[in-house]
Amino acid sequence: MTKRQFPHGRRLGRHDFSGDPVEIARQLIGATLLVDGVGGRIVEVEAYDQSEPGSHCYPGPTPRNLAMFGPPGHAYVYINYGIHFCLNFVCGKKGHGCGVLIRALEPTHNLKRIRERRGMDNDRLLCAGPGRVGQALGITMDHYGLALYQSPFSVYAPANPTEIEVITGPRIGLKKAADLPWRFGLAGSRYLSRKF
DNA sequence: AAGTAGATGTTCT
DNA sequence: GAACATCTACTTA
């Protein structure tokens, strides 16, 4: 009998997000993210923390960033350039602002729906960038603050965490704290937003 | 392949 | 007003 290759490991719970955002960002590479059953494998993320000026939570709690000061394991959604809905996983401990921006997915679940939402057939570009991920998954402000371990979200650990090669680099699009190497990606993936 | 401009609206100075 | 954790379409090579 042949060994069954499962697409992913166990479902992540709230405790999986309570920790250092840089460490969690690294571990999220290769995980699977679904919203209402639509999504794919996480191939690129960035970490953000209250302690550095590149982060939205650097100034402390505001109406916009409040979710990042709430419990870990919830969604922080922001609108970028007036157009794009970008999704973050809130990490750390309640009261300390930090999170992980989901920058790119390898689409694996319900490609049909993703292509519809994105209005294109080029699989490589469906989820290659935070704005594209938001559109592909149908993210809106309705998702702000929702738990990642409950419907409509589901996040699954990688099936084979030891075989995943993670590459690191500076975060994209920042003028402040642009030197921190807090961008992480799946080595060799063709679904990255940009080369490392 | 690489560069530029325009879209579009909330937040910050 | 300016900046902004970006994307697309269009230009130039």
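Quick note on labels: first sequence line is chain A, next is B, and so on, each numbered from 1.
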> Please work out if A:R118 contacts a base, only the sugar-phosphate, or nothing of the nucleic acid, heavy-atom cut-off 4.0 Å.
sugar-phosphate
> Is A:F85 linked to A:I83 within one hydrophobic cluster, defined over Ile, Leu, Val, Met, Phe, Trp and Tyr using a side-chain heavy-atom separation of less than 4.5 Å?
no
> Searching all strands shown, indicate the nucleotide that pairs with C:dT6 (Watson-Crick or G-U wobble; both distances under 3.5 Å).
B:dA7
> Let me know the distance between CZ of A:R171 and P of C:dA5, rounded to the nearest Å.
10 Å
> Is it the case that A:R41 places NZ or CZ above or below the six-membered ring of A:Y156, under 6.0 angstrom from the centre and within 45 degrees of the axis?
no
> Measuring only the P atom in each nucleotide, how far is C:dA3 from B:dA5? A whole number of Å is fine.
16 Å
> Once ring pair (Phe, Tyr, Trp, His ring centres under 6.0 Å) is applied, do any residues pair with A:H109, and if so which ones, sequence neighbours excluded?
none
> From CD of A:Q50 over to P of C:dA5, roughly how many Å is that when rounded to an integer?
17 Å
> Can you tell me if the side-chain N/O atoms of A:H56 get under 4.0 Å from OP1 or OP2 in C:dA5?
yes
> Between A:E46 and A:R103, is there a side-chain N and carboxylate O pair less than 4.0 Å apart?
yes
> Whole Å only: how far is the OH atom of A:Y78 from the C1' atom of C:dT6?
8 Å
> Using whole Å, what does the distance between atom P of nucleotide C:dC4 and atom OH of A:Y48 come to?
12 Å
> Any side-chain N or O of A:R183 under 4.0 Å from OP1/OP2 of C:dA5?
no
> To the nearest Å, how far apart are A:L192 CG and C:dC7 P?
13 Å
> Students should find this one: the first and last nucleotides of DNA chain B, 5' to 3', lying under 4.0 Å from a heavy atom of chain A. What are they?
B:dA7 to B:dT11
> Would you check if A:M68 and A:H56 make a side-chain contact, meaning some heavy-atom pair closer than 4.5 Å?
yes
> In whole angstrom, what separates A:N80's CG from C:dT6's P?
5 Å
> Would you please confirm or rule out a distance under 4.0 Å between OP1 or OP2 of C:dC4 and any side-chain N or O of A:K175?
yes
> Report the distance from atom CG of A:L180 to atom P of C:dA5, rounded to the nearest whole Å.
15 Å
> Step by step, would you call A:H96 with A:F69 a side chain to side chain contact (heavy atoms under 4.5 Å, CB included)?
CA-CA 5 Å; A:H96 177 87; A:F69 291 90; over 6 Å; no
> Between the main-chain N or O of A:A147 and the side-chain N or O of A:Q150, is there a donor-acceptor pair closer than 3.5 Å?
no
> If you find the nucleotide of DNA chain C closest to A:A128 and the one closest to A:I79, which residue's nucleotide is nearer the 5' end?
A:I79
> Quickly work out the A:L125 CG to C:dT8 P distance and round it to whole Å.
7 Å
> For a quick check of understanding: with a heavy-atom distance under 4.0 Å over all strands, which category does A:R64 fall into, base, sugar-phosphate or nothing?
sugar-phosphate
